[in-house]
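Notes follow once the structure below has been shown.
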Amino acid sequence: MNPQEIQIADYVYDLPDDRIARHPLAVRDSCKLLVANSKGVIDDTVFTALPELLPADAMLVYNNTRVINARVILHKATGAAIEIFCLEPVSPADYERMFASTGPVVWRCLVGNSKRWKEGTLSRVLDIPGVGAVTMHAVRKAREEGGASSLIEFSWDNPDCTLAQVIEAAGVIPIPPYLNRETEACDSEDYQTIFSRIEGSVAAPTAGLHFTDRVLADIDARGIRRREVTLHVGAGTFRPVQGDCVGEHTMHAEFIVVSRALIEELANEENVYAVGTTSVRTLESLYHIGCLISQGRWEGEVPQWYPYDPSHPNLSPRDALTVLADYLRKNGMDSLIGSTRIIIAPGYQYRIVHGMVTNFHQPGSTLLLLVSALLGDAWRDVYAYALAHGYRFLSYGDACLFTH
C-alpha cells in the first residue's frame, strides 16, 4: 500500500459532540481502558489494570515534555489585547537555552487579531512570584509563510528573570481547540502528565495523563522498566489532514531528544511499549535516523516520506540503532537532538514499537492514521465498539492499549 494514495475520507468516523470529554475524571487512573489488537480481539477494563496487561519483560517509554503557557496575552499602547501563540523557538533554537534566557529571544508564533497589530511594541506588566513587577515586550520581526506565522522578539526589563518565569506569568495553557471552551485554572494541572519536566510543548502527550503514582508503582513492582524520551508537541498535531489524500498533507516537524544510553538499550529490546503517539513517533524516528546515517543522509531531520522511500536500506532495528549509537559516540554526543516529520500511516512497518497506550483520536487525523498502521482495518471495529460502549474521546477521554 502506498500511503500517499490513502483517501482520508476512509479514516473519518462520526464522533458526536457529547462523546468528547471536556474535563478529565477526578481520579486520573479510574478511566476505562480498551484493550485491542490487530486480530480484532477487544476487551474492557480500567486503567489501573495496565501493569498486569504489560509483559513482565516490557520496556515502557513515555514522553517527559511539559506544556508551556504558550498563549501569551500582551497589549498595544491603546490597551487593546493581542494574543500570541508561541509555536517554537528560533533564537536560541535550543529549548533548554531558550527557557534559561535572561535577555531577548525570538519565537515563531501565530498572532491573534493580527490585523489589529501592524506595527509597534506590545507590552504588559507581570507580577512574577519572588520577583515582583516585570514588564514584558513583544516586537514583530518578520512575517512568514504568507503571513500565517510571524517571528516575534520577546524581551523584559529584569535581567534576573528567565523566559521560563516570564512566560509562566504572561500566558495560559493552550488546551485543544476541539474542547470548545476557554482555558480554566484546573487545566494548569489537568493538562500536565505527572512525569512532565522538560518545558517546550504547546500540547500535552495526552496518553500520559492517565498515569498516577500508584500505577507507576505497580509497573515498577512488576519489574517493567520505565524510560523517558522528549518530543515537544507542536500545534500541528491538531491540524486536519490537508487535501483528499494523505500525499497532499505536509507533516509538521517536532523536536526530539533521546539519550545515547537509551538508544543502546533499545537495540536489544523486543517488547517496547510506547505511551502515546508522540513516544511512538520518537522511537520509530530513531530507527530511520540510523538508516539515514548509514546512507550518509542524516541532516538533523527525518523527512516525512523517508520510511517509504525505495532507496531505504531497511536495516534491522538492532543494526540501525547501533549505527545511531556509534555515530553519537564518535561525535562525543550523550544524546540525540534532532527533529522529525515522519508520518506513520497504513503501509508503515513498525520497527521499534510493539504496543502503545493511547487515547481515542479525531476523525481524519494523522494520529488516527498512526493507530491504523498498527491495528490495520481492525481500528474501525475498535472505534465502533468504543462509541457503542460509552467510552470518552480525545485528550481528556479514556485510554487504549493496542498491540500488533
Is [X] salt-bridged to [Y], going by a charged N under 4.0 Å from an acidic O?
| X | Y | value |
| --- | --- | --- |
| R214 | D29 | yes |
| R71 | E182 | yes |
| R351 | E284 | no |
| E153 | R140 | no |
| E269 | R225 | yes |
| D334 | R329 | no |

Would you indicate whether the side-chain heavy atoms of [Y] and [X] approach each other to under 4.5 Å?
| X | Y | value |
| --- | --- | --- |
| W156 | V105 | yes |
| Q362 | L15 | no |
| L54 | L401 | yes |
| V257 | T282 | no |
| Y396 | P176 | no |
| V67 | S196 | no |
| E264 | L321 | no |
| I73 | V172 | no |

Under the salt bridge (charged side-chain N to carboxylate O under 4.0 Å, His left out) test, residues paired with R66 that sit two or more places apart
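None.
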Could you list the residues that satisfy salt bridge (charged side-chain N to carboxylate O under 4.0 Å, His left out) with R28, not counting sequence neighbours?
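R28 satisfies salt bridge (charged side-chain N to carboxylate O under 4.0 Å, His left out) with no residue once adjacent residues are dropped.
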Is there a donor in the side chain of [X] and an acceptor in the side chain of [Y], or the other way round, less than 3.5 Å apart?
| X | Y | answer |
| --- | --- | --- |
| E254 | T340 | no |
| H137 | T121 | no |
| S279 | N63 | no |
| D319 | T322 | no |
| D309 | S311 | yes |
| T230 | N64 | yes |
| Y308 | Q349 | no |
| Y391 | D44 | yes |
| S395 | Y191 | no |

More than 12 heavy atoms of other residues, nucleotides or ligands under 6.0 Å from CD of Q295: is that the case?
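Enclosed.
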Just wondering, more than 12 heavy atoms not from E248 lying within 6.0 Å of its CD?
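Enclosed.
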Checking the side chain of [X] only, and the main-chain atoms of [Y] only, is there a donor and an acceptor separated by less than 3.5 Å?
| X | Y | value |
| --- | --- | --- |
| E265 | R227 | no |
| R19 | F393 | no |
| W117 | G120 | yes |
| S101 | R97 | yes |
| R108 | S149 | no |
| K32 | C400 | no |
| E5 | N2 | no |
| D398 | R392 | yes |
| H361 | N359 | yes |
| K76 | R116 | yes |

To the closest 0.5 Å, what do you measure between [atom1] ([X]) and [atom2] ([Y])?
| X | Y | atom1 | atom2 | result |
| --- | --- | --- | --- | --- |
| T135 | L74 | OG1 | CG | 11.0 Å |
| C109 | L87 | SG | CG | 6.5 Å |
| L262 | S335 | CG | OG | 9.5 Å |
| E228 | T65 | CD | OG1 | 11.0 Å |
| T403 | N37 | OG1 | CG | 4.5 Å |
| I344 | I342 | CD1 | CD1 | 4.5 Å |

For [X] versus [Y], what's the shortest heavy-atom pair and its separation?
| X | Y | result |
| --- | --- | --- |
| A133 | V125 | CB-CG1, 4.1 Å |
| F154 | M136 | CD2-CE, 3.4 Å |
| S201 | A203 | CB-O, 3.2 Å |

May I ask you to check whether Y273 and H354 place their ring centers less than 6.0 Å from one another?
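No - the distance between ring centres of Y273 and H354 does not fall below the 6.0 Å cut-off.
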Do the two ring centres, one from Y11 and one from W379, sit under 6.0 Å apart?
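Yes.
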Distance under 6.0 Å and angle within 45° of ring axis: R380 vs Y385
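R380 over Y385 ring: no.
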Hey, which of Y13, Y178, Y383 is the one that makes ring-ring contact (aromatic ring centres under 6.0 Å, His included) with F360?
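Per the ring-ring contact (aromatic ring centres under 6.0 Å, His included) rule, the option paired with F360 is Y383, out of Y13, Y178, Y383.
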Using 30° and 60° as the class limits, which term best fits the ring planes of Y62 and F211: parallel, tilted or perpendicular?
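Correct class here is tilted.
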Among V302, I289, T278, L283, find the residue that satisfies the side chain to side chain contact (heavy atoms under 4.5 Å, CB included) test when tested with I256.
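The side chain to side chain contact (heavy atoms under 4.5 Å, CB included) with I256 is passed solely by I289 among V302, I289, T278, L283.
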Which residue in the set H23, R181, Q192 passes side-chain hydrogen bond (donor to acceptor under 3.5 Å, both in side chains) when paired with D187?
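Only match with D187 under side-chain hydrogen bond (donor to acceptor under 3.5 Å, both in side chains): R181.
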